[in-house]
Number of protein chains: 2
Amino acid sequence: MPRSKNTDTAATIKDVAKESGFSATTVSIVLNNAPLARYIPPKTKAQIEKAAKRLGYRPNIFARSLRSKRTHTVGVMVFDMTDPYCTLILRGIENALYQESYLPILTDVQNERSRFERYLEMLLGRQVEGLIVIANWLYTDINLLSDLQKTKTSTVMIGREVGAGTFSSVIVDNEAGGALAYEHLYSLGHRDIAVLRGPKTLSDSDPRWQGVRKFAQSKKIEIDPRLVLDLPDSREPMSCFENGYKLVTELLKRKRTFSAILAFDDLSALGSLRALAKAGIRVPEDCSVVGFDDIPTASVCTPLLTTVRQPMEPMGSQAVHILLEAMQAMQETKAFAPVHRRLAPELVVRESSGRVG
Amino acid sequence: MPRSKNTDTAATIKDVAKESGFSATTVSIVLNNAPLARYIPPKTKAQIEKAAKRLGYRPNIFARSLRSKRTHTVGVMVFDMTDPYCTLILRGIENALYQESYLPILTDVQNERSRFERYLEMLLGRQVEGLIVIANWLYTDINLLSDLQKTKTSTVMIGREVGAGTFSSVIVDNEAGGALAYEHLYSLGHRDIAVLRGPKTLSDSDPRWQGVRKFAQSKKIEIDPRLVLDLPDSREPMSCFENGYKLVTELLKRKRTFSAILAFDDLSALGSLRALAKAGIRVPEDCSVVGFDDIPTASVCTPLLTTVRQPMEPMGSQAVHILLEAMQAMQETKAFAPVHRRLAPELVVRESSGRVG
DNA sequence: TCCCGAAGTTCGATTTAAATG
DNA sequence: GCATTTAAATCGAACTTCGGG
């Protein structure tokens, strides 16, 4: 009755073989339920399984991956983990992968090219079977894309539609969102709406503005260009807050009249809130404010922020599902045409918007 | 001149051997700068390195780990990734590991026991060389600890001091923080200070309160027990916001007079801000509010929140350094006594606190 | 055990081909 | 040929040992 085991090191397949009295081959076949397992009598299977359990056998994934070339991991690259916009997307990714027994390896690029390169190397070195990139960074760097394109790893981008021929993507429908926000304010009776447009280099900026413009056009509304302000470019994640504050403060000084602010995102909306408070303007009684994103802060600030929500968790899980399909295709060496998903945003009415007074 | 290469699959050490004209052994020795590399002439080294680069050779980490038993990865378990308190700690961890060329494998337990168990299995299966646990969860589950203790993997806990005999830990000095907050309000002239104590099951709650109490004692201040409120237990991450709001609203109804609120954390401070705003009480003119943590929201809400900052990034990096030492000791099969670090908090004075009016 | 390099074994699991009755 | 089992080759790198200058 072989019993003593080296307790210091994990049990291997050979230990299970010895313990059960069968060969390593048979153990492998049984435990993996391989095709050949058909021919193995239930009794043998039971014995092997019992032995494996008794020893607490856990296959060594390095040996396994070395042989099978499969790793059951996917790489996830975030450009800035501290961006509140990320965490819920990560949640969505995480949950979807968890169900499929895939392990995400998460890397935080911190908006640095060198980190991007090094982490990409690391992930490829670990033979991730796929890649999800959360592109919440503030500048387009075409070189990063080419790095990515050289990879033959299936890739899905979240938050950006770039290299559309190569990568799949999941983004929010920014145009619809812009229209949603404007429509909300318009339907509350607002006619003098200040618009804070996003930084030029950010790909979300233009479509949101187009949404606003098209809605205005359809209603034959004239947008006063003096009420349209531009947030400057910056790599600082908090810059939109600062700049939202500054732009609204200046606008106030110029004595332009407006009864509402349509901000580019929640951060600039928060900056607006601050500027209005400093000027003694009540929200929403004297002025309404609408944000975009629905970051966690939007539901704990005072007043609670009305905003256009990006469906972050669905974006994450959709990305995973696309990726899994692409990986599947890759596995079977079939072609896979990149898919581009555009999810609908949702208006969340809270306290910062109200009827024009 | 051997040139054609199977472009479909990654180059192996044998390919480099063939390309350079040396044996796989020599290639391995050179590329790893192993002890024997001393004897190898620079010319050989150069040739091999050039060949490696030419082929884009990247060692297969599965083969490597299989042999060497080293993985250069550490597992990181977070109990709730969406908790804003986490991300900066993760930054600290990430940066410290990056410098040492370790890769973190991050898992989000989502406060679920089953996920904890499964992820722990996964991480151990991947032979992480160490484990960092960010214990920002709201309930003590002693069983989790025993799961962890069974592991012989070096472990550092952040945010909690439990199983002190087994695990190292890094926490903020909550007592000092409580005192800091109270002292700040006291020095601004406040004498009627409402205190929102944390949920009973949360390990941070008591020491913060002790800090307050001891400071009051030292100044011979009598704390009015009717101004001391308790946040109820809850597993909901946002509960402190809701409950802070409720407690302050009720306190206001009872017509207790107070000129300041010392909240358990930033979320309950935010809830307080909201309650005060609804009641038409201005902050800080009519009432001061101090939080704890310094979550990102604290610097974008209106008014900006005065708070006691936890040094999140240092906490993360300290944890890494402790872990690295523990791993080193483990490697050399030396004993390693758990170390317990308690970092000093820092008062951040912003806009929500002012002289008693 | 100086200097240089290579053949062969090992890690743990999978898989192919083949050996039993 | 069939059901049942297994020895041996394989994955890629690292390490031990060995053989000539």
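Heavy atoms only: backbone and side chains are in, while hydrogens, waters and symmetry mates are out. Chain letters run A, B, ... following the sequence lines, proteins first, then strands; residues in each count from 1.
- With sequence neighbours left out, the side chain to side chain donor-acceptor pair (under 3.5 Å) criterion links A:S114 to no other residue.
- For the pair A:R126 and B:F62, the cation-pi criterion (under 6.0 Å, within 45° of the ring axis) is not fulfilled.
- Contact check of residues 20-30 of chain A against DNA chain C (heavy atom, cut-off under 4.0 Å) returns A:T25, A:S28.
- If you measure from atom CG of A:N60 to atom P of D:dT10, you get 21 Å, rounded to the nearest angstrom.
- For the residue pair B:T71/B:Q127, the side-chain donor-acceptor check at 3.5 Å is not satisfied.
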Could you go over nucleotides 1-4 of chain D and give all protein N or O partners under 3.5 Å, atom names and distances?
| unit_1 | atom_1 | unit_2 | atom_2 | d |
| --- | --- | --- | --- | --- |
| D:dT4 | OP2 | A:Y39 | O | 2.5 |
| D:dT4 | O5' | A:Y39 | O | 3.0 |

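- Residue B:R67 is in base contact, counting any heavy-atom pair closer than 4.0 Å across all strands shown.
- If you take CD of A:Q47 and P of D:dT5, they are 9 Å apart, rounded to a whole angstrom.
- Spacing between atom CG of B:N33 and atom P of D:dA13 amounts to 18 Å, rounded to whole angstrom units.
- Rounded to whole Å, the distance from NZ on A:K45 to P on D:dT5 is 11 Å.
- With sequence neighbours left out, A:T107 forms a side chain to side chain donor-acceptor pair (under 3.5 Å) with no residue at all.
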Below 3.5 Å, can you tabulate the donor-acceptor pairs from side chains in residues 331-338 of chain B to any protein atom, sequence neighbours excluded?
| unit_1 | atom_1 | unit_2 | atom_2 | d |
| --- | --- | --- | --- | --- |
| B:E332 | OE1 | B:K334 | NZ | 3.0 |
| B:E332 | OE2 | B:Q328 | NE2 | 2.7 |

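- OP1 or OP2 of D:dG12 lies within a sub-4.0 Å distance of a side-chain N or O belonging to A:K69.
- B:K50 and B:E19 are not joined by a salt bridge, as no carboxylate oxygen comes within less than 4.0 angstrom of a charged side-chain nitrogen.
- Distance B:K18 NZ to D:dG12 P: 12 Å, rounded to the nearest Å.
- With sequence neighbours excluded, no residue forms a side chain to side chain donor-acceptor pair (under 3.5 Å) with A:Q47.
- Here the straight-line distance linking atom NE2 of B:H340 with atom CE of B:M157 works out to 10.5 Å at 0.5 Å rounding.
- Every residue was checked against the ring pair (Phe, Tyr, Trp, His ring centres under 6.0 Å) condition with A:Y85, not counting sequence neighbours, and none meets it.
- Evaluation of the ring pair (Phe, Tyr, Trp, His ring centres under 6.0 Å) rule for A:H72 yields A:Y102 as partners, not counting sequence neighbours.
- Annotation: C:dT1 and D:dG21 have their C1' atoms spaced 15 Å apart (nearest Å).
- Defining each end axis of the helix from C:dC2-D:dG21 to C:dG21-D:dC2 as the rotation carrying four pairs' C1' atoms onto the next four, with five pairs an end, the two axes are found to diverge by 80° to 10 degrees.
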Please step through side-chain hydrogen bond (donor to acceptor under 3.5 Å, both in side chains) for the pair A:D80 and A:N111, ending with a clear verdict. CA-CA 6 Å; A:D80 181 4; A:N111 269 320; 4.7 Å; no

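- Protein chain A contacts DNA chain C over a range whose 5' and 3' limits, counting nucleotides with an atom under 4.0 angstrom from a non-hydrogen atom, are C:dG12 to C:dT16.
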Can you list, pair by pair, the side-chain donor-acceptor contacts under 3.5 Å of residues 29-36 of chain A, counting residues two or more places apart and other chains?
| unit_1 | atom_1 | unit_2 | atom_2 | d |
| --- | --- | --- | --- | --- |
| A:N32 | OD1 | A:R64 | NH1 | 3.4 |
| A:N32 | ND2 | A:S28 | O | 2.9 |
| A:N32 | ND2 | A:S28 | OG | 3.3 |

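- Under the rule for a side chain to side chain donor-acceptor pair (under 3.5 Å), B:E49 has no partner lying at least two apart in sequence or in another chain.
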